[in-house]
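Only this structure's heavy atoms are used, side chains among them; waters, hydrogens and symmetry mates stay out.
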Amino acid sequence: MSNDNDRNREDDQTGVVTRTKTRTKKPSLYKVLLLNDDYTPMEFVVHVIERFFNKGREEATRIMLHVHQRGVGVCGVYTYEVAETKVTQVMEFARQHQHPLQCTMEKE
């Protein structure tokens with residue numbers, strides 16, 4: 001048999017278990033942009049888009065023409081680290097081939 005003191009101790013130990021849901025925030029996305037210049041050959045720009053942005057020949061040509069006509073074009077949208085890496089790779093590749101092609105990124 002239990003007395004009132006035992007019952008009170010049991011009541012003090014019972015409680016409601018709550019779970020907190022952790023919501024992970026989606027990472028910010030960044031557009032990788034190519035800038036037009038008057039010196040980099042169009043074929044080289046198409047090659048860069050195919051190589052670093054995994055685009056097919058037709059889409060790469062369309063992006064290159066957009067850059068040529070409008071002065072700037074989006075090659076892809078990525079997380080910060082991926083976008084930064086792509087910008088670095090494109091710039092380094094252009095310099096190795098002695099082209100002034102500019103690549104940058106901006107928050108979407």
Side-chain angles (χ1 to χ4, degrees):
M1 237 175 148
S2 68
N3 61 27
D4 286 335
N5 287 341
D6 289 339
R7 225 177 280 137
N8 286 341
R9 271 188 240 132
E10 286 177 20
D11 288 343
D12 289 343
Q13 293 177 359
T14 57
V16 177
V17 176
T18 59
R19 285 189 186 166
T20 56
K21 277 194 174 180
T22 305
R23 285 192 171 199
T24 53
K25 187 178 171 186
K26 288 186 179 180
S28 297
L29 295 177
Y30 292 80
K31 296 184 280 190
V32 177
L33 308 167
L34 282 181
L35 307 176
N36 189 45
D37 64 72
D38 293 332
Y39 304 101
T40 305
M42 292 180 179
E43 191 58 39
F44 182 80
V45 176
V46 170
H47 177 69
V48 164
I49 296 168
E50 289 174 324
R51 179 174 176 162
F52 296 103
F53 300 98
N54 300 315
K55 305 292 185 189
R57 188 74 162 174
E58 194 173 302
E59 189 175 5
T61 302
R62 184 184 57 73
I63 293 168
M64 177 276 299
L65 287 173
H66 182 88
V67 170
H68 180 69
Q69 293 165 353
R70 307 246 171 122
V72 65
V74 178
C75 294
V77 180
Y78 308 95
T79 59
Y80 181 83
E81 292 80 10
V82 174
E84 187 177 48
T85 299
K86 296 223 180 256
V87 168
T88 302
Q89 289 173 331
V90 168
M91 296 291 286
E92 191 173 305
F93 188 71
R95 296 301 157 262
Q96 288 172 353
H97 291 85
Q98 300 176 346
H99 294 299
L101 182 65
Q102 293 292 306
C103 186
T104 187
M105 59 191 249
E106 70 178 33
K107 196 167 186 176
E108 188 172 46

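- For the atom pair E108 CD and Y78 OH, the distance stands at 12.0 Å (nearest 0.5 Å).
- When hydrophobic clusters are built by joining Ile, Leu, Val, Met, Phe, Trp and Tyr residues whose side-chain heavy atoms come closer than 4.5 Å, directly or via intermediates, V77 is not grouped with V90.
- Taking CG of N54 as the reference point, atom CD1 of I49 lies at 12.0 Å (rounded to 0.5 Å).
- L33 and L65 fall into different hydrophobic clusters, where Ile, Leu, Val, Met, Phe, Trp and Tyr residues are linked whenever their side-chain heavy atoms come under 4.5 Å apart, directly or through other members.
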| task | Run the numbers on L34 and V45 for side chain to side chain contact (heavy atoms under 4.5 Å, CB included), then give the verdict. | result | CA-CA 9 Å; L34 282 181; V45 176; 3.9 Å; yes
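- Remark: K55 pairs with E59 by the salt bridge (Lys or Arg N to Asp or Glu O under 4.0 Å) rule, at least two apart or across chains.
- Side-chain contact between D37 and Q102: absent, with no pair of heavy atoms (C-beta onward) separated by less than 4.5 Å.
- Both V82 and V48 are assigned to one and the same hydrophobic cluster, defined by single-linkage of ILVMFWY side chains at heavy-atom distances under 4.5 Å.
- Summarising the geometry, atom CG belonging to N36 is positioned 9.5 Å from atom CD belonging to Q69; distances are rounded to the nearest 0.5 Å.
- Under the 4.5 Å side-chain criterion, counting only non-hydrogen atoms from C-beta, L29 is in contact with T79.
- With rounding to the nearest 0.5 Å, the separation of NE2 in H66 from SG in C75 is 10.0 Å.
- Clustering ILVMFWY residues whenever any of their side-chain heavy atoms sit less than 4.5 angstrom apart, transitively, puts M42 in the very cluster that holds I63.
- Taking hydrophobic clusters as Ile, Leu, Val, Met, Phe, Trp and Tyr residues chained together by side-chain heavy-atom distances below 4.5 Å, V46 shares a cluster with F53.
- Side-chain atoms of R62 never come within 3.5 Å of backbone atoms of R57 as a donor-acceptor pair (strictly under, hydrogens ignored).
- Counted within 6.0 Å of CD on Q96, heavy atoms from surrounding residues, nucleotides or ligands total more than 12; the atom is thus considered enclosed.
- The ring pair (Phe, Tyr, Trp, His ring centres under 6.0 Å) contacts involving residues 87-108 comprise F44-F93, F44-H97, F44-H99, H47-F93, F52-F93, F93-H97, where partners must be two or more places apart or lie in separate chains.
- In this structure, the side chains of Y80 and M105 come closer than 4.5 Å at one or more pairs of heavy atoms.
- Closest heavy-atom contact between L101 and A94: CB-CB, 3.9 Å.
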